2 protein chains.
Amino acid sequence: MSLDTELDIKQTKEIVRLTLSEQISNRLRDMIIQNQLAPGDRIRERDICLELQVSRTPLREALQKLASEGLIELVPNCGAVISAPNPEEIADMLQVLGVLEAFAGERACALVTQEEINEIKALQYEMLAAFARGDRLGYFKLNQRIHLAIITAARSETLLSMHTRLNARLYRIRYQSNLRNELWGSAVSEHNDILAALEERNAEKLSRVLRQHLRSTWEKVSEVMMAEDH
Amino acid sequence: MSLDTELDIKQTKEIVRLTLSEQISNRLRDMIIQNQLAPGDRIRERDICLELQVSRTPLREALQKLASEGLIELVPNCGAVISAPNPEEIADMLQVLGVLEAFAGERACALVTQEEINEIKALQYEMLAAFARGDRLGYFKLNQRIHLAIITAARSETLLSMHTRLNARLYRIRYQSNLRNELWGSAVSEHNDILAALEERNAEKLSRVLRQHLRSTWEKVSEVMMAEDH
DNA sequence: ATATGGCATATTGTATACCAAATGTCAAAC
DNA sequence: GTTTGACATTTGGTATACAATATGCCATAT
């Protein structure tokens, strides 16, 4: 299952045309998210140019984009380093993500269609299946898709783009945390609450549960971070 | 009073060194915010290069940055056009901004210092002074500074950066709205409520008032937009 | 008159070479 | 041991060339 599973299903109307710099930034973003480029690593322009077989111009445009997304930091005359957020920053981001999802929940309760609820329920069952099999990767990705589905149901472009950006910055650490934490399936019951609140279209409840959900995410993530940090 | 009034007061310790692409993106951002580049306008690389006396490479890097901030749209092979958000998008952004400020208010109540409250109160009086004089520009900028002060008091980098980005996209339209709307001073009483809630450190109240404040901002902005749209 | 197709022109996308400035390293001098 | 300075490396920026695409125009066909 790839990150862009939708491509298998959705019929894209237009032919997608990406500039080279977009392709590069997408590729680098994936490499960062998947930890092929680790936090603190320095990006050497020449090396990446050789590796991806592109010239410096589009690569540097891609770096600018990633920098403004917060995935890398551009130090003048020192080049680009992969961002290495500390626990405080992670906690901060997760809190804001919680606020965004809480708002998404509010709106979703008013705007979600029965079809979307059914789809989320299906994803929920798939996630339970992955959990039963001990399939951590599948579990994690389905978890992500459920949250994305709720954001989508909120029908707010601004919300979606902010969530996407923030999520990209958190993806790696959440993934690592999911792989390592003993309690990797502990969100199952919270997800039941989320689904229940959505089905009742109880905005206040869904909002509250989602924000709480991100708080407990922080607890799990911090546990793993502290352990790694010796 | 310039946008960066602080420079007059604050002693900057280090010498700030910005890369050329940063300087360019800052300049273009200001030009967009101040309506020197109007929504829908197309940016011709060569023209801007001549105007700013820079080469294409750093200019294009700057454009990438602005595009990822949502201030311009980059259409492959067609160049850059200044974003022209429609009323629905504006409403959407203002709602999310309201959510962010509400959260900032919550945190600020817990973290704000007495000094900061005093400063916000001072800004409030300055704003009242500007209102009394009919100084719309001064009123608007002080209004912005008050909100920024609340965000700052919340002590969340993520929140600050998201707020800054969203605010940049909204700045122009809010400024125009402030200039033209009959009710340009109607936020004065809301600001009294905001300050009161902050002084009481009443998180729930401040959060609610701030979100409501952005809702009434939308009412004023939409009024002006509708009028302009014929 | 409208529509189609093709051509010329303008603009963007990418590659490359080059230079200046900044950084890091390492050895010599004190 | 610390400082100084020369050197190699890397990045920031410019200039330029060329390819790909978009745009506008005109002639032709219907």
Side-chain angles (χ1 to χ4, degrees), chain A residues 12-32 36-84, chain B residues 12-32 36-84:
Chain A
T12 52
K13 280 175 192 166
E14 311 110 6
I15 295 174
V16 284
R17 292 187 306 173
L18 298 175
T19 63
L20 191 51
S21 66
E22 282 174 306
Q23 295 179 51
I24 296 171
S25 61
N26 288 342
R27 177 77 77 88
L28 290 177
R29 190 181 302 109
D30 286 346
M31 289 172 76
I32 294 170
Q36 292 166 28
L37 292 173
D41 275 8
R42 189 169 164 193
I43 292 182
R44 270 194 195 70
E45 293 181 0
R46 252 171 37 88
D47 297 352
I48 303 287
C49 285
L50 283 173
E51 199 178 326
L52 303 185
Q53 284 297 304
V54 295
S55 70
R56 281 176 70 199
T57 314
L59 170 64
R60 296 183 47 145
E61 285 174 10
L63 292 180
Q64 289 289 337
K65 198 174 174 198
L66 294 175
S68 84
E69 288 176 15
L71 285 176
I72 65 176
E73 271 156 46
L74 246 35
V75 188
N77 297 311
C78 278
V81 294
I82 313 296
S83 295
Chain B
T12 52
K13 280 174 192 167
E14 313 109 8
I15 295 175
V16 284
R17 292 186 307 173
L18 299 174
T19 62
L20 191 53
S21 63
E22 282 174 308
Q23 296 179 52
I24 296 171
S25 61
N26 288 343
R27 177 76 78 87
L28 289 177
R29 191 181 302 107
D30 286 346
M31 290 172 74
I32 294 171
Q36 290 164 29
L37 292 172
D41 276 8
R42 189 171 163 189
I43 292 181
R44 268 195 198 69
E45 293 180 2
R46 253 170 38 87
D47 296 352
I48 304 287
C49 285
L50 284 173
E51 199 178 326
L52 303 185
Q53 285 297 306
V54 295
S55 68
R56 283 177 69 200
T57 312
L59 170 64
R60 292 180 51 110
E61 286 174 2
L63 292 180
Q64 290 286 339
K65 197 172 176 205
L66 294 176
S68 86
E69 289 176 14
L71 284 176
I72 65 176
E73 273 156 46
L74 245 36
V75 188
N77 297 309
C78 278
V81 293
I82 313 296
S83 296

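Small disclaimer: the values here were computed from a predicted structure and weren't measured. Lettering of chains follows the sequences in order, A, B, ..., and the numbering in each one begins at 1. Just so you know, these numbers use all the heavy atoms, side chains as well, and skip hydrogens, waters and symmetry mates.
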Round to a whole Å and report the spacing from [atom1] of [X] to [atom2] of [N].
{"X": "A:Gln64", "N": "D:dT11", "atom1": "CD", "atom2": "P", "answer": "14 Å"}
{"X": "A:Leu20", "N": "C:dA15", "atom1": "CG", "atom2": "C1'", "answer": "10 Å"}
{"X": "B:Arg56", "N": "D:dT14", "atom1": "CZ", "atom2": "P", "answer": "13 Å"}
{"X": "A:Glu61", "N": "D:dT11", "atom1": "CD", "atom2": "P", "answer": "17 Å"}
{"X": "A:Leu74", "N": "D:dT11", "atom1": "CG", "atom2": "P", "answer": "11 Å"}
{"X": "B:Lys65", "N": "D:dG12", "atom1": "NZ", "atom2": "P", "answer": "13 Å"}
{"X": "B:Glu45", "N": "C:dA10", "atom1": "CD", "atom2": "P", "answer": "16 Å"}
{"X": "B:Leu50", "N": "D:dA15", "atom1": "CG", "atom2": "P", "answer": "11 Å"}

Task: Residue met sooner reading DNA chain D from 5', once B:Gln53 and B:Asn77 are mapped to nucleotides - done: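 The residue whose closest nucleotide sits nearer the 5' end is B:Gln53.
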
Between [Y] and [X], is there a side-chain heavy-atom distance shorter than 4.5 Å?
{"X": "A:Ser21", "Y": "A:Lys65", "value": "no"}
{"X": "B:Ile72", "Y": "B:Leu74", "value": "yes"}
{"X": "B:Glu51", "Y": "B:Arg27", "value": "no"}

Task: B:Pro39 versus B:Ser83, closest heavy-atom pair with distance - done: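 The answer is CB-O, 3.5 Å.
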
TODO: May I ask you to verify if any side-chain N or O of B:Arg44 is less than 4.0 angstrom from the OP1 or OP2 atom of C:dT11?
DONE: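 So the side chain of B:Arg44 is within the cut-off, an N or O lying under 4.0 Å from OP1 or OP2 of C:dT11.
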
Task: Under 4.0 angstrom between A:Arg60 side-chain N/O and D:dT11 OP1 or OP2 - done: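 Looking at the OP1 and OP2 atoms of D:dT11, neither is under 4.0 Å from any side-chain N or O of A:Arg60.
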
Categorize [X] for me: base, sugar-phosphate, or nothing, with a 4.0 angstrom heavy-atom threshold over every strand shown.
{"X": "A:Leu59", "value": "nothing"}
{"X": "A:Thr19", "value": "sugar-phosphate"}
{"X": "A:Leu63", "value": "nothing"}

- [ ] Hey, which sits more toward the 5' end of DNA chain C by its nearest nucleotide, B:Ala80 or A:Pro58?
- [x]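 Between the two, 5'-proximity favours B:Ala80.
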
Task: Interatomic spacing from CG in A:Leu28 to CG in A:Leu66 - rounded to 0.5 Å - done: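 Spacing of CG (A:Leu28) from CG (A:Leu66) equals 5.5 Å.
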
TODO: Side chain of B:Thr57 only, please: which of D:dT14, C:dT16, D:dG13 is the nearest?
DONE: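 Closest nucleotide among those given: D:dT14.
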
